[in-house]
Number of protein chains: 2
Amino acid sequence: MNTPSQAPLGFLLHDAARLLRKRFEQQARHLGLTRSQWQVLAYLSSNEGIHQGGLAELLDIEPITLVRLLDKLEAIGLIERRPHPTDRRVRLLHLTDKARPLLGSARKLGDATRAEALQGVSAADRETLVRVLGLIKCNLVEACERPAAFHDSQRDSAENG
Amino acid sequence: MNTPSQAPLGFLLHDAARLLRKRFEQQARHLGLTRSQWQVLAYLSSNEGIHQGGLAELLDIEPITLVRLLDKLEAIGLIERRPHPTDRRVRLLHLTDKARPLLGSARKLGDATRAEALQGVSAADRETLVRVLGLIKCNLVEACERPAAFHDSQRDSAENG
DNA sequence: CGCATATAGTAAGCAAGCTTATTATATGCT
DNA sequence: AGCATATAATAAGCTTGCTTACTATATGCG
C-alpha cells in the first residue's frame, strides 16, 4: 500500500474532487448554492428549455438525482418547470430572473476556487489534466453502460448447473 | 459556457470521480463494499491500531464521516474498535480476519476499474495526472483550513458600521 | 381499437460527506 | 484541588448520488 501522498489514482481523484467541492461550498455559503446546484444552473443556462431527461443526460447523472436538485432549485426560486405544449409527460426547464445574477457570482467563485486548487500547476500540466480527465470521463460513461464483469459465485454456480 | 465536452475543470473532476466511484461500486456489489469503505480498509491495513482521529486525518475527511463508515464496517464484521489501554476517549481500530481476504479482491477490482478508466491514456499522461492531482489535493487541504474569502454583506456592514 | 413497449418523471431507501452541536474524558495551569 | 481548555467520539440534519420500483403518458404494431 502506498503512503497517502502516493495514493492510487482512484483514491486521489476522489479526494481531489471531494476537497474541491468542499472548498467551493465553503466559499459559496453566502450564495446559498451547492456545487451540484451550480453545475445544474450552469448547464441549464446553455440549454434553456431542455427537458429533465435531456439535462440528466448532459450531466451524466441519473434522472432521480436531477429531480432532487431541481426540487431544491425550484423551491429557492432559481428555476421553473413548465409543461410541454403537446407531451404531458415532459417538463421544460427555465432559469428565473432571480437566478441570472447568481450565475455571474458563482462563476467567479468557481474561477477563484480553481485558481486556489491549481497553484503551482503549469499551463501545460493544466492542459494535460483537462484532456486526460475528459478521456477518463468518456471511458467511464461507456464502462458504466456495460454489465459489471464480476464473479458472482451464485451466478457461476447456476450457470455451471 | 463551454460545451459539456469542454466543461470547466471543477465539473470535469467531479464527474470523473463520481463515475469512477459508480463503476467501482457496480463491480464491487458482490463484495458488499462501497468505494469509501474500501478506501478506509486500505488505509487501515497500512495503519493497524491507529485511532479514529488519526485515520480521519490521514483520509482528509471529517471525523463524523469516518464514524459513519466505521459503524458500517464494524456492523458487517470487517473492523473492530478496541479501547485504548490508558485513554478512555480513544478507540483503536483493527481489521478482522474476515476483512483480509476481501482486501485482495477489492484491490484487484480497483486495478481493473482503473484500467477501464485509463484506456487510451499514455504512461506519461498517467504520471502527469497523478502528480497534478496530488498537488491539487495538497493545495485544497490547505485552502480548506483558511477562512472563506467571500463577501458577506452582513459582515461587511458590521465591519464598516 | 387494443395492447405491449417505451419514455418521463418521481417515491423510497441507503450511503457518504459536510456543518453544527453535544457528551465524555484528558491536560495543564493556578 | 479546581477549573478552563483541549481532544475524541458521536448525534442530528441536510445534500447528493445511486438502486429499485412505481405511476402517468406516448408510441407503434397487429
Nearest whole Å is fine: how far is D/dT10 C1' from B/His51 NE2? 15 Å
Pairwise side-chain contact, B/Leu33 with B/Leu41, heavy-atom cut-off 4.5 Å (strictly under): yes
Could you pull out every donor-acceptor pair under 3.5 Å between side chains of residues 59-73 of chain B and any protein atom, sequence neighbours left out?
{"from": "B/Glu62", "atom 1": "OE2", "to": "A/Lys22", "atom 2": "NZ", "distance (Å)": "2.7"}
{"from": "B/Asp71", "atom 1": "OD1", "to": "B/Arg81", "atom 2": "NH1", "distance (Å)": "3.0"}
{"from": "B/Asp71", "atom 1": "OD1", "to": "B/Arg81", "atom 2": "NH2", "distance (Å)": "3.1"}

Test item: A/Arg35 and A/Arg23 side chains (from C-beta on) under 4.5 Å apart, heavy atoms: no
Identify whether any heavy atom of A/Val90 sits under 4.0 Å from a base atom; if not, whether one sits that close to sugar-phosphate; answer base, sugar-phosphate or nothing. sugar-phosphate
Any B/Gln52 side-chain N or O less than 4.0 Å from OP1/OP2 of D/dT10: yes
Between which nucleotides of DNA chain C, 5' to 3', does chain A make heavy-atom contacts below 4.0 Å? C/dT7 to C/dT20
I need the CG-P distance between B/Leu66 and D/dA8, as an integer number of Å. 13 Å
For residues B/Asp15 and A/Leu140, determine if any side-chain heavy atom of one lies less than 4.5 Å from a side-chain heavy atom of the other. no
Does A/Arg114 pair with A/Asp111 as a salt bridge, N-O distance under 4.0 Å? yes
Can you give one letter per nucleotide of nucleotides 15-25 of chain D, 5' to 3': B if a protein heavy atom sits under 4.0 Å from the base, S if only from the sugar-phosphate, - if neither? SBBBBS----B
Rounded to whole angstrom units, what separation is found between the CZ atom of B/Arg81 and the P atom of D/dA8? 15 Å
Nearest heavy-atom approach of B/Ala117 to B/Leu20 is CB-CD1, 3.9 Å
At their closest point, which heavy atom of B/Leu135 faces which heavy atom of A/Gly120, and how far apart are they? CD2-O, 3.6 Å
